[in-house]
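Below you'll find the structure, written out as C-alpha cells, and then a few comments.
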Amino acid sequence: MAEESVTAGLAAYERKESRKVVVAAIDGSASHREQVGTALTSFYRVAAFEDGDLAVSELIRMPPCVILVDETAPPYGGARVIERLRKMPALAGVPIIYTTRNDRVTLAHDVRQMGADAFLIRPYRRSALIRSVSRLVNKSTEAKWERLAPESRECLRKTVDLYNGISDVIDKDEPISYGDVKRACEPLLAVVQTSTYKSMLAGVRDHDNYSYVHSMRVATFLSVFGHAIGLKDGDLMVLATGGLLHDLGKMQIAHEVLNKPGKLEPEELEIMRSHVIRTLDVLDGCPDLPKGVMTIAGQHHEKLDGTGYPCGLKGSQLNELARMASIVDVFSALTDRRVYKPPMPPEEALGIMTAGMGNHLDRDLLARFRDVLLSASSA
Ligand SMILES: [Fe+2]
Ligand SMILES: [Fe+2]
C-alpha cells in the first residue's frame, strides 16, 4: 500500500485538480517517506523528495498544501531546507511541519525561528500527523466555525477530532470506543432538533477531508430524517453514530481511488467496494456497538432489487434502518462537493432519486425524506 501512496516528486501532480490535496515530504529516509504516504493514504497524495534542493526547485512551480521537512533532510539538514523554502515567494504561505527525534525544551521556539508552523516528534502516531496536517490545511475553514451556534461548533470540533483519532485505532487493530463516538455525536442530536443544522453543514462543506464531510452529512441527514419521523433519543443516537461511522473503511483506501474523477476501472471499483467489509472489520471488535450501527454500515450500499453490495440483499431482507441509510447515502453523495464536481442542488438530487432509482430505494421512505428536506428548506 505504501508504494502506491507515495509518489516521487511532481508525479503526484499529474492531475491538475489534485494540487490542493498534495502534501510534500522532504526526508532522506525512504522508510520515513513511506510511513508518511501510508499514514496519509486516504487523505492526501504525497509527493516525496529525498533531497531539499530538488524539492525546492520543483515545489516552487506547484506549491502543495503542506510541506513536511525532516531534521535530517539532505543535503544540509531540515533547518536550512526550511530557510530555502521560505525564501521562495511561491512557497512563503505554505505551512511547514518540522519532524524531529529531538524532544528538547527549546523545540517550539527553535521551530518558530526556523519558519515552520508546527512540529512532530518521532515516532509519532498516525493520528498526530493527520491532525497536524488537517489543522493547517483547514485553518481558515475551522476558524469560520467560531461564528456558528455553540452546539454546531461543538459538534464539528468533537466529530472531526474523533474522526481523525480513529485512524490510530484502525492502525493498531484496537476496538473503537463507542462511548467516545456517542459523546462526539451528542451535540448533533441537539443540533438536528433545530434548523441550525443547515448552517452547520454549510460550515463543514469546505473541510478538505472528504470522508469526514460526507460522513458528517450522512449522520446529520439521517438524524434529521429520524427526528422528523418521530424517533427518540436512543434511535437517533444510532442514526447519528451509524452515519458518522458508516464509511470508516475508506480510511484504508488510497486517495487516488477514493477521489478519482470519472469511472473507476474494475479493479478500482472492487477496492472501493471493499470499504464496506473493511468498515465492518473495524467495527466488529467494538464493545457495546448497537446492532443498528452495524446495519447502517453493512447495508447502506444494498438495493431493494438485489443489485447492491456486498451481499446483494433484496426486498424484505432490508430493514427500515438500511433503507433510510441507503437513501441518505445516495442523497449525500449527489449533493456533496467533490474536488472534481460542484454539489448538485438538493431538489435536483431528489428528482433524480425519485425518477430513476425506484428499484433501488424504498419509494415511501424516499417520499418522506423528500418532504422532510423540502419542508426544512422552506422553514
Ligand atoms: Fe459507503
Ligand atoms: Fe457513504
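Counting convention: from 1, in listed order, for ligands and their atoms alike.
- Centroid-to-centroid, the aromatic rings of His246 and His301 stay 6.0 Å apart or farther.
- In this structure, a donor-acceptor pair under 3.5 Å is present between the side chains of Asp168 and Ser127.
- For a distance bound of 2.8 Å, the N, O or S atoms of His300 include none lying that close to the Fe ion (ligand 2).
- Between the Fe ion (ligand 2) and the N, O or S atoms of Asp329, the shortest distance is to OD1.
- Shortest distance from the Fe ion (ligand 2) to His214 is reached at NE2 (N/O/S atoms only).
- At the Fe ion (ligand 2), the vertex angle linking NE2 of His246 with OD2 of Asp247 is 80° (nearest 10 degrees).
- Of all heavy-atom pairs spanning Gly203 and Leu156, the tightest one is C-CD1, 4.5 Å.
- For His275, the N, O or S atom with the smallest separation from the Fe ion (ligand 1) is NE2.
- Judged purely by distance below 3.5 Å, without hydrogens or angles, the side chains of Asn102 and Thr100 never pair a donor atom with an acceptor atom.
- One N or O on the side chain of Arg86 and one on the backbone of Ala92 form a donor-acceptor pair closer than 3.5 Å.
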